[in-house]
Protein chains: 2
Amino acid sequence: MSQEDRFHELDRQECLRLLAKVPVGRVVYTRQALPAVLPVNFCLDTDDSVLLRTSSGSELVRAIDGVVVAFEADEFDVETRSGWSVVVTGRATVVTDAAECERLSQVGPTSWMPLRNAVFVRIESEMVTGRDLR
Amino acid sequence: MSQEDRFHELDRQECLRLLAKVPVGRVVYTRQALPAVLPVNFCLDTDDSVLLRTSSGSELVRAIDGVVVAFEADEFDVETRSGWSVVVTGRATVVTDAAECERLSQVGPTSWMPLRNAVFVRIESEMVTGRDLR
């Protein structure tokens with residue numbers, strides 16, 4: 001069995017279907033010139049962008065607003081050594097439009113913790129890649 | 001309940017204890033000037049560095065050998081909205097010393113897939129941070 005037999009590239013629709021299954025992913029960005037990563041709960045918007053909710057004054061918002069980031073989610077099964085991983089790469093922006101904030105407060109993610117001055121952050125799904133390991 | 005009540009910073013020893021519990025983490029690095037992330041199985045060495053095994057010709061090795069990367073692992077429980085996350089930040093290097101490669105072939109991680117020209121990659125645990133969400 002070769003490496004190629006076990007890895008399978010996923011198309012965009014399959015990636016988005018898998019992303020929608022899990023509640024937590026990881027924002028990958030740069031902080032003070034070092035690679036940084038932070039797990040967050042999220043949901044997908046109707047345009048397939050990734051939506052997070054966090055505090056407006058958070059270090060995460062300061063670091064990623066207006067910047068291209070990666071967002072990763074995965075699931076693995078240790079027993080069968082199988083699983084999948086999906087990465088969305090795109091620009092992150094704090095949602096500032098009042099009507100859009102109102103809409104997202106109905107359909108967007110709720111944070112797992114109480115937030116001060118909560119904002120929504122959108123990561124555009126400009127590039128969506130994924131693979132599964134069988 | 002404030003945000004501070006739910007988040008708890010973990011000390012280095014607690015972080016390393018949690019890391020040792022899980023088989024898969026994520027290497028966070030930069031690829032062609034974009035943030036990149038790849039899940040890998042791993043283990044901790046006796047000096048607390050993170051050990052991976054991959055192909056010598058892999059894109060991952062080309063991107064991270066000699067470079068400071070982050071390595072993240074976590075566990076979350078959706079029902080209780082609790083969990084933990086640990087990040088190791090440090091230099092990644094391909095292990096080239098023959099005696100060390102021999103030792104790691106006994107105690108190091110095995111890859112979840114067949115590899116061509118397998119090498120071990122070590123990520124020094126220069127900075128270890130973590131937190132749990134209760």
Side-chain angles (χ1 to χ4, degrees), chain A residues 1-7 22-41 54-55 58 64 67-90 92 110-116 118 126-127 129 131 133-134, chain B residues 1-7 22-41 54-55 58 64 67-90 92 110-116 118 126-127 129 131 133-134:
Chain A
M1 186 175 63
S2 79
Q3 192 165 330
E4 285 67 29
D5 292 333
R6 292 218 60 204
F7 267 123
V22 293
V24 172
R26 297 148 200 100
V27 184
V28 170
Y29 60 105
T30 301
R31 183 174 56 216
Q32 298 174 340
L34 288 176
V37 49
L38 188 73
V40 291
N41 64 302
T54 185
S55 289
S58 66
I64 72 174
V67 172
V68 173
V69 303
F71 182 82
E72 191 265 357
D74 59 45
E75 278 187 320
F76 290 98
D77 183 272
V78 177
E79 295 304 316
T80 58
R81 292 188 165 196
S82 63
W84 59 268
S85 166
V86 167
V87 179
V88 172
T89 307
T110 56
S111 174
W112 283 14
M113 55 182 191
L115 295 176
R116 265 192 291 264
E126 293 165 26
M127 186 164 69
T129 59
R131 56 186 193 170
L133 176 66
R134 289 168 178 176
Chain B
M1 186 174 63
S2 79
Q3 192 165 329
E4 285 67 30
D5 291 332
R6 292 217 62 203
F7 266 123
V22 292
V24 172
R26 297 147 199 101
V27 184
V28 170
Y29 59 106
T30 301
R31 181 174 56 215
Q32 299 174 340
L34 289 176
V37 49
L38 188 73
V40 291
N41 66 302
T54 186
S55 290
S58 67
I64 72 174
V67 172
V68 173
V69 302
F71 182 83
E72 190 265 358
D74 58 45
E75 277 187 322
F76 290 98
D77 182 272
V78 178
E79 295 304 316
T80 58
R81 294 189 164 195
S82 63
W84 59 266
S85 166
V86 167
V87 179
V88 172
T89 307
T110 57
S111 173
W112 282 16
M113 55 181 191
L115 295 175
R116 266 193 290 264
E126 292 164 28
M127 186 164 68
T129 59
R131 54 187 194 169
L133 177 65
R134 289 169 178 177

Are any non-hydrogen side-chain atoms of [X] and [Y] less than 4.5 angstrom apart?
{"X": "B:Trp112", "Y": "B:Pro23", "result": "yes"}
{"X": "A:Val28", "Y": "B:Glu72", "result": "no"}
{"X": "B:Val27", "Y": "B:Ile64", "result": "yes"}

So, the part of A:Val37 with a heavy atom under 4.5 Å from chain B: the answer is both
Counting heavy-atom pairs under 4.5 Å with chain B, the top scorer among A:Ser82, A:Ser85, A:Pro39 is A:Pro39
Max heavy-atom pairs within cutoff under 4.5 Å with chain B, candidates A:Val87, A:Thr89, A:Val78, goes to A:Val78
* salt bridge (charged side-chain N to carboxylate O under 4.0 Å, His left out) partners for B:Glu126, two or more places apart ->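 Listed in chain order: nothing, the list is empty.
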If one checks every heavy atom of B:Val68 against chain A at 4.5 Å, the contacting part turns out to be both
With only heavy atoms counted, which part of B:Val24 is less than 4.5 Å from chain A, the side chain, the backbone, both or neither?
->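 For B:Val24, the side chain is the part near chain A, not the backbone.
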Check: What pairs meet the salt bridge (charged side-chain N to carboxylate O under 4.0 Å, His left out) rule with one or both residues in residues 75-86 of chain A, with sequence neighbours excluded?
Finding: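 Non-adjacent pairs meeting salt bridge (charged side-chain N to carboxylate O under 4.0 Å, His left out): A:Lys21-A:Glu75.
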